[in-house]
Amino acid sequence: MPMSRRLLIILGPTAVGKTDYSISKALELGSPVISCDSRQLFMNMSIGTAVPDASQLSAVKHYFIQTIPVDQAYTAGDYERDAIALVEKLFDEGHETLVMTGGSMFYIDAVCNGLDDLPDGDPVLRAELWARAAEGGVAPLAEELKSLDPLTYSQIDTQNTQRVIRALEGCLVSGKPFSAFKTGARRQRSFEIEKIGLNRSREELYERIDGRVLNMLDAGLVEEVRSLLPYRGCQALQTVGYREIFDYLDEKYPLEEAVRLIQRNTRHYAKRQLTWWRRDPSIKWLDL
RNA sequence: GGUGCCGUAGCUCAGAUGGUAGAGCAAUGGACUGAAAAUCCAUGUGUCGGCAGUUCGAUUCUUCCCGGCACCA
């Protein structure tokens with residue numbers, strides 16, 4: 001008799017209340033919590049990423065919480081590989097239902113649908129391309145992409161430097177058009193996927209966000225960020241809550257302005273999350 | 001009670017000697033194939049406090065009313 005294997009993904013905008021909900025769901029189902037959060041993955045970033053607290057972490061086994069050094073690069077592709085490996089292992093050990101939770105839209109989609117085998121980036125080349133963009137703008141890079149890969153050029157936002165460089169990098173590293181690697185095919189998974197979307201009224205969500213930022217300050221956000229100053233340039237620190245405090249430490253603006261910006265940028269993030277998920281009909285929404 | 005000032009977008013305010021209005025902040029919609037808490041694109045949402053008068057036309061001028069603030073009693 002085939003064992004049923006189900007991955008229950010609890011998603012929702014930041015600060016909606018995923019942590020508590022997923023822990024109680026995990027306890028109910030006898031599952032660990034598999035985090036799907038591109039920032040809680042990193043070590044030493046606990047206050048600003050609202051990592052579960054000690055009692056929450058001891059209530060149920062958590063995966064992918066604070067496991068990677070902040071100066072290490074980690075991508076959605078890495079997460080797809082690591083998460084699928086873990087999930088397969090846990091299913092093989094006898095779990096029927098596994099609880100995954102998080103707000104990283106792209107990571108969730110990588111787990112559900114898989115990413116194509118696109119060429120890896122080359123850090124040196126990437127740095128060169130960014131230097132060119134800083135000097136002459138995106139336009140010349142976009143033109144170069146147009147000649148190497150007209151299809152990608154026609155599909156992406158050519159004002160989006162990050163996208164243009166990523167595609168150009170793919171072309172230059174592989175010697176082929178970046179688009180040649182895209183199949184758009186969904187990867188077959190060995191388990192069922194169910195998605196629950198947690199939501200609240202916009203007003204309530206924004207109040208929770210604003211309040212949570214103040215709590216982070218009380219909890220010592222400024223000191224946490226100060227301790228991460230040496231890693232400021234790392235990918236992990238390109239994050240709401242950290243960049244604004246770095247600027248405050250530079251005396252670019254007062255603390256209250258940093259707080260205001262963190263609150264606003266977090267609200268913007270929540271809005272982007274909701275935009276992403278709005279087009280996903282497989283999510284069952286639940287108002288908290 | 002009297003006098004003066006103010007009432008315009010969610011907030012702070014600007015404005016037209018009469019032709020139904022615009023800045024900042026906030027907000028909203030969208031995109032997304034290895035940086036994704038990143039990156040990028042788009043958008044003004046308004047009975048101009050209310051009733052009436054003058055006028056071809058009033059948010060603008062006038063009367064009155066309502067609300068707020070200040071000062072004088």
Side-chain angles (χ1 to χ4, degrees), chain A residues 11-16 18 35-42 45 47-51 68 70-83 102-123 126-127 129-130 133 137-138 142 149 151-152 155-167 169-170 173-174 178-187 202-203 205-206 209-210 212-213 216 233-245 257 260-280:
Chain A
L11 54 85
T14 189
V16 78
K18 293 187 293 295
S35 170
C36 186
D37 188 303
S38 69
R39 299 298 131 125
Q40 291 183 2
L41 270 166
F42 291 100
M45 295 171 65
I47 298 171
T49 63
V51 142
I68 298 170
V70 289
D71 58 352
Q72 189 175 314
Y74 194 85
T75 68
D78 295 328
Y79 184 79
E80 179 190 353
R81 185 196 62 232
D82 294 346
S104 297
M105 311 83 90
F106 191 37
Y107 281 31
I108 293 171
D109 282 6
V111 167
C112 295
N113 308 323
L115 299 173
D116 284 324
D117 289 317
L118 301 177
D120 284 331
D122 170 13
R126 179 179 299 188
L129 293 172
W130 273 101
V138 233
D149 184 357
L151 184 58
T152 296
Q155 287 170 342
I156 68 170
D157 177 357
T158 52
Q159 296 201 72
N160 190 331
T161 311
Q162 213 172 78
R163 291 275 148 63
V164 171
I165 287 181
R166 166 67 183 137
E169 223 182 304
V173 164
S174 68
F178 189 58
S179 54
F181 298 89
K182 291 188 190 173
T183 68
R186 281 198 165 200
R187 198 148 297 183
R202 204 56 82 88
E203 190 186 17
L205 184 63
Y206 285 5
I209 287 170
D210 291 351
R212 190 176 71 175
V213 172
M216 285 175 176
C234 298
Q235 169 211 319
L237 273 306
Q238 307 315 309
T239 303
V240 176
Y242 292 83
R243 292 163 135 186
E244 297 87 348
I245 299 292
E257 175 66 358
R260 193 186 71 81
L261 291 173
I262 294 170
Q263 290 173 325
R264 184 198 62 187
N265 293 339
T266 306
R267 280 182 243 125
H268 288 350
Y269 172 50
K271 195 170 85 64
R272 263 181 283 133
Q273 290 176 299
L274 291 167
T275 297
W276 181 289
W277 290 318
R278 205 168 281 147
R279 69 183 175 191
D280 184 346

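Keep in mind that this is a model prediction, so the values were computed, not measured. Chain naming here is simple, since letters A, B, ... match the order of the sequence lines and numbering starts at 1 in each.
In this structure, A:Ser104 reaches the B:rA37 phosphate: one of its side-chain N or O atoms is under 4.0 Å from OP1 or OP2. Regarding contacts with the backbone of B:rG29, a side-chain N or O of A:Arg202 is found under 4.0 angstrom from either OP1 or OP2. In this structure, A:Arg243 does not reach the B:rA37 phosphate: none of its side-chain N or O atoms is under 4.0 Å from OP1 or OP2. Of the side-chain N and O atoms in A:Gln235, one or more sit less than 4.0 angstrom from OP1 or OP2 of B:rA36. OP1 or OP2 of B:rC32 sits under 4.0 Å from a side-chain N or O of A:Arg279. OP1 or OP2 of B:rA27 lies within a sub-4.0 Å distance of a side-chain N or O belonging to A:His268. Within the structure, a side-chain polar atom (N or O) of A:Tyr206 is placed less than 4.0 Å from OP1 or OP2 of B:rU28. Using a 4.0 Å cut-off, no side-chain N or O of A:Arg272 falls inside it from OP1 or OP2 of B:rC32. Remark: A:Arg163 is not in phosphate contact with B:rC32, judged by side-chain N or O atoms under 4.0 Å from OP1 or OP2. A sub-4.0 Å separation between OP1 or OP2 of B:rA26 and a side-chain N or O of A:Arg267 is absent.
The residue A:Asp37 sits close to a base: some heavy atom pair falls under 4.0 Å. Contacts of A:Arg187 with the nucleic acid, taken as non-hydrogen atoms under 4.0 Å apart, are absent. Within the 4.0 angstrom heavy-atom criterion, only backbone atoms of the sugar-phosphate kind lie near A:Phe178; the bases stay farther away. Base engagement by A:Gly48 is indicated by at least one non-hydrogen atom pair under 4.0 Å involving a base atom. Here A:Thr266 lies out of heavy-atom contact (under 4.0 Å) with every strand. Contact annotation for A:Gln40: base contact, defined as any heavy-atom pair under 4.0 Å involving a base atom.
Across the P atoms, B:rC64 and B:rG53 are found 16 Å apart, a figure rounded to whole Å. To the nearest whole angstrom, the two C1' atoms, one in B:rG15 and one in B:rG7, are 15 Å apart. Comparing the same atom, C1', in B:rA35 and in B:rG46 gives a spacing of 41 Å after rounding to whole Å. Between B:rU45 and B:rC61, the two P atoms lie 25 Å apart (nearest whole Å). Nucleotides B:rU63 and B:rC51 have their C1' atoms positioned 11 Å apart, rounded to a whole Å. B:rA58 and B:rA21 are spaced 14 Å apart, taking the C1' atom of each and rounding to whole Å. Atom P of B:rU12 sits at a distance of 14 Å from the matching atom of B:rG49, rounded to the whole Å. Comparing the same atom, C1', in B:rU59 and in B:rU8 gives a spacing of 8 Å after rounding to whole Å.
Here B:rA31 presents its P atom at 13 Å from CG of A:Leu274, a figure rounded to the nearest Å. Across the protein-nucleic acid pair, A:Tyr107 atom OH and B:rG34 atom C1' stand 8 Å apart, rounded to whole Å. For the pair A:Arg81 CZ and B:rG34 C1', the interatomic distance rounds to 10 Å; values are reported in whole Å. Rounded to whole Å, atom P of B:rA31 lies 12 Å from atom CG of A:Asp280.
Looking only at atom types and distance, the side chain of A:Asp149 has a donor-acceptor partner in the side chain of A:Ser179 under 3.5 Å away.
A:Val51 meets the side-chain contact (heavy atoms from CB on, under 4.5 Å) test with A:Gln40, A:Ser46, A:Thr49, A:Ile65, A:Gln66; sequence neighbours excluded. By the side chain to side chain donor-acceptor pair (under 3.5 Å) test, A:Arg39 pairs with A:Thr239, sequence neighbours left out. A:Tyr79 pairs by the ring-ring contact (aromatic ring centres under 6.0 Å, His included) definition with A:Phe64, A:Tyr107, not counting sequence neighbours. Among residues two or more places apart in sequence or in another chain, the side chain to side chain donor-acceptor pair (under 3.5 Å) test is passed with A:Arg264 by none. In this view, A:Glu169 and A:Arg126 satisfy the salt bridge (charged side-chain N to carboxylate O under 4.0 Å, His left out) rule, not counting sequence neighbours.
If A:Pro119 and A:Met216 are placed on RNA chain B by their nearest nucleotide, the residue sitting closer to the 5' end is A:Pro119.
Under a cutoff of 6.0 Å and an axis angle of 45°, A:Arg279 and A:Trp277 do not form a cation-pi pair.
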Dot-bracket notation for RNA chain B, counting Watson-Crick and G-U pairs under 3.5 Å, with | for partners on another strand: (((((((..((((.....[..)))).(((((.......))))).....((.((..]....)).))))))))).
